[in-house]
Amino acid sequence: MRPLRVLTLSAVVAATLLAGCSSGTSSSTDQAASPPAASSVHAARPDGQAALASAVDTFLNGYFEHYPVFAAGAGKHEFDGKLPDFSAEGLQANAAWLHAQRDKFAAFPDDQLDAQGRFQRDYVLAVLDGQLFWLEDSGAPYKNPTFYTGDLSPSMYLTRPYAPLAQRMAAFVTYQEALPRALAQIKANLKLPLPASYIDVGVNSFAGFASFFKTDVPGIFAEVKDDALQARFKASNAAAIKAAQDLADWLKSQKPHATQDFALGAEKFSKMLHATERVDLPLEQLKAIGESDLARNLAALKSACAQFAPGKSLTDCVAKESADKPTGGAVEGARAQLASLRQFIVDKDLATIPGTEQARAEEAPPFNRWNFAYIEIPGPYENNLPSVYYIAPPDPTWSKADQAAYVPGKASLLFVSAHEVWPGHFLQFLHANRAHWKFGQLFVGYAFAEGWAHYAEEMMFDAGVGGGTPETHIGQLTNALLRDVRFLSAIGLHTGGMSIAQSEQMFREQAFQDPGNARQQAARGTYDPAYLNYTLGKLMIMQLRQDWIAAHPGPNALKAFHDQFLSYGGPPIPLVRQQMLGGPMQAKLWTTDQPASAPATAASN
């Protein structure tokens, strides 16, 4: 559960995600590529700066050794096929190493570093604190299967053409050979009884691995003409299928003893926010901000529905939008939207697109269908490789009506595509992978990535995407309401005694989600407590935009803001705020009592 460079906490969120030098970028990007740091009275010592740079290099090399899947995903293919040591001793060794690294970076005093050095030190410390929270404080390694599933994904070997198929097959076989041991370690770590929703996601994930290995993977490598490698594949494939299915079956057998003991509690939840995102606001204040944003978006939905479906209830209005399904299904519909979204960014001059890379839309593999959509983006050590925007089909065990309702309407799908690709995650990682500091390319946090992508949805509507029609607005608003309810569910489930059923009801009644999606979203809140980061990050970006443009007005202010914001890699947003505005590192969220500057106006001037 390391939500860094991972877009679903999965991500994982850990999560978890084309390198190359920027070419043909605008002057606003050139100015922001080496992020301007806040001014300071401290005079740096050259030996301190050099020591920090050396410490970062040493940290990265050590991190790759401790987390080989992260390394391979970033494009360090000498780590291909390797899995982490998930044993209790291995987890303890990782924690000890992370603590030692934290002590090393905390020992760099301000007076030995310039402003950029202090920013880099604080960025590293934030990453380390987040890693240590998930590893030690959260309890996730001992009860939450999603702590591990991101590190188990074999997608890079199957879908990323970084090497000839035979070479990727050899890496995948090594991975398959290591998998039974890793799954045995995971089983040994899980402390019974487990929360019911954790069991469900574990069963779905590990049974999904087994199904995928059995049904889909053999055909991918069938054309490789290497008898010895094919023999290794066959043997390891059978063992991996058995190990994954056995773990799924074991988890399923625990269901009669399942609990509802998933809540972090207020103290740990607050610690999570500080450790991972440098947010220190009181929970009651955050809850009030979330309720205010939910009310804002519900009011906007009521206004849009009065034009789109006059006389109908909000539920019927949203159903009318949802009934206008994309031709050919969600994947085909998304494919049709991507080119026009990219062109809209260019035409409106909303942000620099620093390259010619494209993303393609595909159906999500069976082992990763617990959320509707996500994107896999090759890491910064790769070159000229495609990114894949995955969309999950409905669960075949659902009723026909629930399966049909799961596919969004075209307007809603437009903002999913904006979130995942243009100008959301994909554009953000095009910038991150061109950051001038390798650490910033590698470590992109949850609120930065998801906050930007969610912010991009509303920014695109305000700029006029889709013609700004009431139906388009409803598509944007249903996505915003979904994230508002995630925000409130995360706080409620983990600090306020909210039940999964109550969360599901809120998703249905206030975010107008279909039954299947509402069930998925409520359950996700139990094992992904940080999924409030979509709205949390969005509102921090909106406030930062308002404050920055007020200080830097001009006809291209919005584009300049976007380019500079995206130039930092992906640190906690309060740290970005400090760099862009000066002053202390602090979390400030936009609220309805102070309107955000209008992107449509800024873009059109």
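When the salt bridge (Lys or Arg N to Asp or Glu O under 4.0 Å) test is applied to Glu362, the partners found at least two apart in sequence or on another chain are Arg335, Arg360. Checked against side-chain hydrogen bond (donor to acceptor under 3.5 Å, both in side chains), His494 has no partners two or more places apart in sequence or in another chain. For Ala95, the side-chain contact (heavy atoms from CB on, under 4.5 Å) partners at least two apart in sequence or on another chain are Leu135, Glu136. Every residue was checked against the salt bridge (Lys or Arg N to Asp or Glu O under 4.0 Å) condition with Arg168, not counting sequence neighbours, and none meets it. A search for salt bridge (Lys or Arg N to Asp or Glu O under 4.0 Å) contacts involving Asp200 returns Lys255, not counting sequence neighbours. Under the rule for a side-chain hydrogen bond (donor to acceptor under 3.5 Å, both in side chains), the partners of Lys242 that lie at least two apart in sequence or sit in another chain are Asp246. In this structure, Asp103 has no side-chain hydrogen bond (donor to acceptor under 3.5 Å, both in side chains) partners at least two apart in sequence or on a different chain. Here Thr495 pairs with nothing under the side-chain hydrogen bond (donor to acceptor under 3.5 Å, both in side chains) rule; sequence neighbours left out. For Asp280, the salt bridge (Lys or Arg N to Asp or Glu O under 4.0 Å) test picks out no residue, with sequence neighbours left out.
Inter-residue side-chain proximity for Leu589 and Leu286 is flagged as met; some heavy-atom pair is nearer than 4.5 Å. Asp528 is listed as a side-chain neighbour of Tyr531, based on a closest heavy-atom distance under 4.5 Å. Between Pro574 and Met540, some side-chain heavy-atom pair lies under the 4.5 Å cut-off. No side-chain heavy atom of Val388 sits under 4.5 Å from any side-chain heavy atom of Ile375. Residues Pro282 and Ser270 fail the side-chain proximity criterion, which asks for heavy atoms closer than 4.5 Å. No side-chain heavy atom of Val69 sits under 4.5 Å from any side-chain heavy atom of Tyr175. For the pair Pro84 and Pro68, the minimum side-chain heavy-atom distance is below 4.5 Å.
Nearest approach of Gln428 to Gly569, heavy atoms of both residues: NE2-O, 3.7 Å. Closest heavy-atom contact between Pro529 and Met272: O-CE, 3.8 Å. Considering every non-hydrogen atom in both Leu229 and Ala166, the closest pair reads CD2-O, 3.8 Å. Across all their heavy atoms, Gly48 and Leu113 have their closest contact at O-CD2, 3.7 Å. Nearest heavy-atom pair across Ala490 and Leu532 is CB-CB, 3.9 Å. In plain terms, the two heavy atoms of Trp134 and Thr276 that are nearest each other are NE1-CG2, 3.6 Å.
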Steps toward ring-ring contact (aromatic ring centres under 6.0 Å, His included) verdict (Phe448, Phe565): CA-CA 10 Å; Phe448 190 101; Phe565 180 83; 4.6 Å; yes
Gln131/Tyr67 under side-chain contact (heavy atoms from CB on, under 4.5 Å): CA gap, chis, key distance, verdict: CA-CA 12 Å; Gln131 299 274 294; Tyr67 298 101; 4.2 Å; yes
Candidate pair Tyr374 and Tyr389, rule ring-ring contact (aromatic ring centres under 6.0 Å, His included), full reasoning: CA-CA 6 Å; Tyr374 66 99; Tyr389 162 27; 9.2 Å; no
Audit row: Tyr381, Leu442, side-chain contact (heavy atoms from CB on, under 4.5 Å) steps and yes/no: CA-CA 9 Å; Tyr381 295 102; Leu442 287 163; 3.9 Å; yes
Check against side-chain contact (heavy atoms from CB on, under 4.5 Å), Val224 and Gln230: CA-CA 8 Å; Val224 175; Gln230 288 288 359; 3.8 Å; yes
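Between the side chain of Arg369 and the backbone N or O of Ala364 there is at least one donor-acceptor pair closer than 3.5 Å. Between the side chain of Arg278 and the backbone N or O of His274 there is at least one donor-acceptor pair closer than 3.5 Å. Gln92 places no side-chain N or O within 3.5 Å of a backbone atom of Ser87 that could act as its donor or acceptor partner. Counting only distance, with no hydrogens or angles, the side chain of Thr58 and the backbone of Ser54 share a donor-acceptor pair below 3.5 Å. Gln254 places no side-chain N or O within donor-acceptor distance of the main-chain N or O of Ile199, the cut-off being under 3.5 Å. In this structure, Tyr568 contributes its side chain and Ile573 its backbone to no donor-acceptor pair below 3.5 Å. The closest donor-acceptor contact from the side chain of Gln245 to the backbone of Ala210 lies at 3.5 Å or more, if one exists at all. For the pair Ser153 (side chain) and Gly150 (backbone), a donor-acceptor distance under 3.5 Å is absent. Looking at Tyr123, its side chain does come within 3.5 Å of a backbone N or O of Phe443 through a donor-acceptor pair. Under a 3.5 Å cut-off, the side chain of Thr174 and the backbone N or O of Ala170 do form a donor-acceptor pair.
Here the rule is side chain to side chain contact (heavy atoms under 4.5 Å, CB included) with Lys143, and of Phe262, Tyr527, Tyr198 only Tyr198 fits it.
For the 3.5 Å distance criterion, the side chains of Asn237 and Gln176 qualify, holding a donor opposite an acceptor. His454 and His419 share no side-chain donor-acceptor pair at under 3.5 Å. Checking Glu376 against Ser155 by side-chain atom types alone, a donor-acceptor pair falls below 3.5 Å. Between Glu450 and His425, the side chains place a donor N or O and an acceptor N or O closer than 3.5 Å (distance only, hydrogens not considered).
Sorted by first then second residue, the salt bridge (Lys or Arg N to Asp or Glu O under 4.0 Å) pairs that include residues 48-58, not counting sequence neighbours, number zero. Legend: salt bridge (Lys or Arg N to Asp or Glu O under 4.0 Å) pairs involving residues 69-82, not counting sequence neighbours, sorted by first then second residue: Lys76-Glu78.
Annotation: the span from Phe70 atom CZ to Glu65 atom CD amounts to 13.5 Å, rounded to 0.5 Å.
A tilted orientation is assigned to the rings of Tyr455 and Trp452, their planes being inclined by 30° to 60°. Using cut-offs of 30° and 60° for the angle between ring planes, the Phe439 and Phe59 rings count as tilted. Relative ring orientation between Phe172 and Phe213 is described as perpendicular, the plane-to-plane angle rising above 60° on a 0-90° scale split at 30° and 60°.
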Give every donor-acceptor pair under 3.5 Å between a side-chain atom in residues 182-190 and any protein atom, sequence neighbours left out.
{"residue": "Gln185", "atom": "OE1", "partner": "Phe86", "partner atom": "N", "Å": "2.9"}
{"residue": "Gln185", "atom": "NE2", "partner": "Asp85", "partner atom": "OD1", "Å": "3.3"}
{"residue": "Asn189", "atom": "ND2", "partner": "Phe86", "partner atom": "O", "Å": "2.6"}
{"residue": "Asn189", "atom": "ND2", "partner": "Tyr148", "partner atom": "OH", "Å": "3.0"}
{"residue": "Asn189", "atom": "ND2", "partner": "Gln185", "partner atom": "O", "Å": "3.4"}

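Comment: Arg434 engages Glu357 in a salt bridge, judged by a side-chain N to carboxylate O separation of less than 4.0 angstrom. Salt bridge Glu382/Arg160: present, at least one basic N to carboxylate O contact under 4.0 Å. With salt bridges taken as basic N to acidic carboxylate O contacts below 4.0 Å, one links Asp137 and Lys271.
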